[in-house]
Amino acid sequence: MIRLVLRRVAAAAILFLIVLTLTFAAVAGAPGDPLSPNDPRIPAEHAERLRALYGLDQPLPAQYLRWLGAVLLSWDWGQSYQTGRPVSDLLFESLPPTLLLAGGALFAQYLFGLGLGLIAASRPNSWLDLGVRAASLLVYALPTFWVGLMAVLIVGVGLGLAPTGGMTSAAAYELGPLAAALDVLAHLWLPALVLGLSMAGDIARYTRNSLIEFQTADAGRAARARGLSEARILLVHGLAHAAPRLLQMAAVSAPLLLSGAIVAEAVFVWPGLGSTTLQAIQAGDVPVVLAATAYGAALVIAASLAADLLLVRLDPRIQAE
Amino acid sequence: MRRLAVAGLTAVVGWGCSSGTPRDTTRLTVGLRFDYPTPNELIGPPTLAYAAINDQMFLSLMEEQGDFREAPPAWAPGLAEDWEFSEDRLQLNVRLRTDARWSDGEPVTAADVRFTWLAQTDGDVAWGSAYVHEATVDVEVLDPHTVRFHFDAALPTALADVSTGAILPRHAWEPRPFAEWRGDPDWFFDSLVTSGPFRFESRTPGSDLVLGRNPGHFEADLPRLERVILRSTPDSTALTNRLLAGELDVATGIGAADASRIDGQPGLRLLAYTNRQFTFVVWNTTRPWFADAETRRALALAIDRQAIVDTIWHGYAKVGRSPVISGAWAHDPDLEPWPHDPQAARAALREAGWVDADGDGIVERGGRPFRFELATYTGAGARWDAMQMIQADLRTVGIDAQPRRAEPNALNQRLLEQDFDAAASAFAIDTGLDFRPLFHTESIGGFNYAGYSNPEADRLIESFATRADPLDGREDLHRLQRILRDDQPMLVLWEPVSLAAFNDELESVAPNAVSPLANLKEWAWR
């Protein structure tokens, strides 16, 4: 088991290194000079001075080795061209909001996915079941970007039931800890719901199918023979039967949630990794783009690794292989 | 358990609801399109929007006034109480206010002015606007409240040059070596003292900046607001949503496409005010299609700029006439824009030798079809939309323009290297009206993207740039504009206006071309 884990971790580390290298090649090798001034009054020497300050006057391989060395040895991702701030500080500030949003969305995804799956499984092949399946397909098909915009316009601007964007209120600086937490939750629920719902369809469909399968399987029939109520059969034994795969689905969907969070962040002005990346791309802020891509890749690789290891833990046949 | 869940949900949703609580009239919430990364403007982003915030916290020697329609920008006293040039204009004595203090109580002195100049011109600090001090050879401290600037050339822009950039706090920032400034912009928040009407209170990076009234500010009754919260919202639509939902009192930098959602909303006022930008299509005169002025004039006749302005800008822009924008004092009011006249365009093209010999609908000259790439930046939505309209207009006169989008850095590089056919871009006019970088022969390979060269234009540009009093050079610039109109190295498409929305109950609001927050210290709730 330990050898297997080490092998997977090593593969993930190699994959991360490949991602770093390819990202550097793609971003740093792109045509154009991000430090070139777009103000005609600024002399060209200014850009040359900045290039020297940021080490961009070195050949590309030397830049790559210096960058990779700084990243791997001291987790130093350089400085933002746009703000001058250390990139690791920028991302350190952006990561928690993204994880919070992704966590909130995961909660909404399972809350609605399990709920709808249970409802559908309790009346298999009924109109209710059909309705749940159709709704699952619909929320899966609608683009998160569009749903988010509509939610902002209707729920935020129209009904005033949620802030239209941001993570805190304007007056957050004067709130106590409890009120500040409540304030963040008030800003979180709508984007988390939009993002979570867009991925709840999968969970709903799997839960429904798994519960229906359990009801007709030996274990389900045995539970019913013992006189257990239908609700207990579904909620306790049925969900326990589906749990391993549902857990694995959580790990698998984490990368999708993170990439979805980037879209949701843009719509809801959520100050996370996605917003930071988007602004950096628009501003040609190469060090931030590089680091944000690497952070995103690291999160996806870590989530995939967790899913792999979970599967190994839950399925002894893989260990045997 | 269920009750607890319902109560929690109600609390969370209720917290986020637009509440009916009375307005706190000591506080204002302003939405901006960008973040504020550092209070040190020498390493901050070189944008007017950034300067608009910095000006609330720091004093400059003189304050540029917003309007320059009648004359070059006027300069009002800021930190400087008065100033005087020597007869040869190689020295400028500036006397500082004696009642100006940093927010920690230290006086603002001549030593701060000299320290600022040293920082602005230091190679390691690498301030983008350091060029303003090219003629400044020394800043001499005469006494604690008097400085003398020494110049090696008498430039008409001397006042603008010495007033560019805020005066920095020597006692607070000198301990940090200049070489370390660019590496740690956050340090300046930790060591921040301010001299302007507002002082720094707190910030959430990427989101909010909170400014409070500076009680030590020398204008005793100003600012009238106790606190201003600046909220970063990069996207115009999201900014508009926040304004409409009542989360903002003021929104600046609204896009034209969102203006109609705000215009006419009860309780909100949409203000359109001039800025100093113009958008243009530049023709690369080294390419065979654009080598002659007659062909370039035909292109101007073929493009319906009024339709572009009406369709894309919904009236929040005007057709451009000249790179000396219509709001500038040196703009030639008699300069008529090229009309949209496809018939005349076809005739001009024929005159220039362009005919459709093979009947494919595209004109040719010397066997070369008039087919070229028209480039602009990715993300430049209005320009991209305009290019579709330009393509359609040119097609009606037998020209095949092929719009392409390019990543901004890549396209900038291509423009500088003249590796393009035609491109849509934009500039903000220099209030000193120095057109050397844009049209002088010596700027080919720089921002003279067109590769334009006309000895008479060069002479007029130089003549204006070296006049002691810019007003004497008005005729130089009028003649330059007429030459540029005829030579058409670039077609000025439009001059946009800036849009900002304000809560109707705010008074004394007066945004201008320098800043949407120009007189923020005077704003108050009715």
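In what follows, chains are A, B, ... by sequence order, proteins preceding strands, each numbered from 1. Remember, predicted model here, so these are calculated numbers, not experimental data.
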Seminar exercise, completed: residues 143-167 of chain A vs salt bridge (Lys or Arg N to Asp or Glu O under 4.0 Å), sequence neighbours excluded, gives none
So, for [X] and [Y], which heavy atoms are closest and what is the spacing to 0.1 Å?
X: B:S232; Y: A:V269; result: O-CG1, 4.0 Å
X: A:T164; Y: B:R242; result: OG1-CG, 3.2 Å
X: A:L153; Y: B:N241; result: CD2-OD1, 3.5 Å

Exercise. Picking from A:T276, A:V152, A:T168, which has the most non-hydrogen pairs under 4.5 angstrom with chain B?
Worked result: A:T168
Problem set entry | Max heavy-atom pair count under 4.5 Å with chain B, selected residue of A:A172, A:A170, A:A52, A:G84 | A:A170
Options [options], ranked by heavy-atom pairs under 4.5 Å with chain A, top entry:
options: B:P45, B:S443, B:G123; result: B:G123
options: B:A238, B:S207, B:P234, B:G432; result: B:P234
options: B:R436, B:R227, B:E201; result: B:R227
options: B:P205, B:A406, B:S202; result: B:P205

For this session: With chain B as the partner chain, list the residues of residues 85-101 of chain A whose heavy atoms fall under 4.5 Å from it, by residue number, and write 'none' if nothing qualifies.
Result: A:R85, A:P86, A:D89, A:E93
For this session: Pull out the residues in residues 102-114 of chain A that come under 4.5 Å of chain B, heavy atom to heavy atom, sorted by number.
Result: none
Exercise. Does OH in A:Y54 sit with more than 12 non-hydrogen atoms of other residues, nucleotides or ligands closer than 6.0 Å?
Worked result: yes
For this session: Mark yes when over 12 heavy atoms from residues, nucleotides or ligands other than A:L178 sit less than 6.0 Å from its CG; otherwise mark no.
Result: no
Portion of [X] that has a non-hydrogen atom of chain A nearer than 4.5 angstrom:
X: B:W181; value: neither
X: B:T233; value: both
X: B:R27; value: side chain
X: B:R182; value: both
X: B:D208; value: side chain

Exercise. So do B:E247 and A:P163 actually touch side chain to side chain, heavy atoms under 4.5 Å?
Worked result: yes
Exercise. Where on A:L190 is there a heavy atom nearer than 4.5 Å to chain B: the side chain, the backbone, both, or neither?
Worked result: neither
For this session: Given side-chain contact (heavy atoms from CB on, under 4.5 Å), test B:T204 with A:Y173 step by step and report yes or no.
Result: CA-CA 9 Å; B:T204 309; A:Y173 63 92; over 6 Å; no
Problem set entry | Interatomic distance, A:S275 atom OG to B:D35 atom CG [nearest 0.5 angstrom] | 11.0 Å
Problem set entry | Straight-line distance of B:I43 CD1 to A:T83 OG1, nearest 0.5 Å | 9.0 Å
For this session: List for me each residue that meets ring pair (Phe, Tyr, Trp, His ring centres under 6.0 Å) alongside B:Y36, sequence neighbours excluded, and say none if there are none.
Result: B:Y50
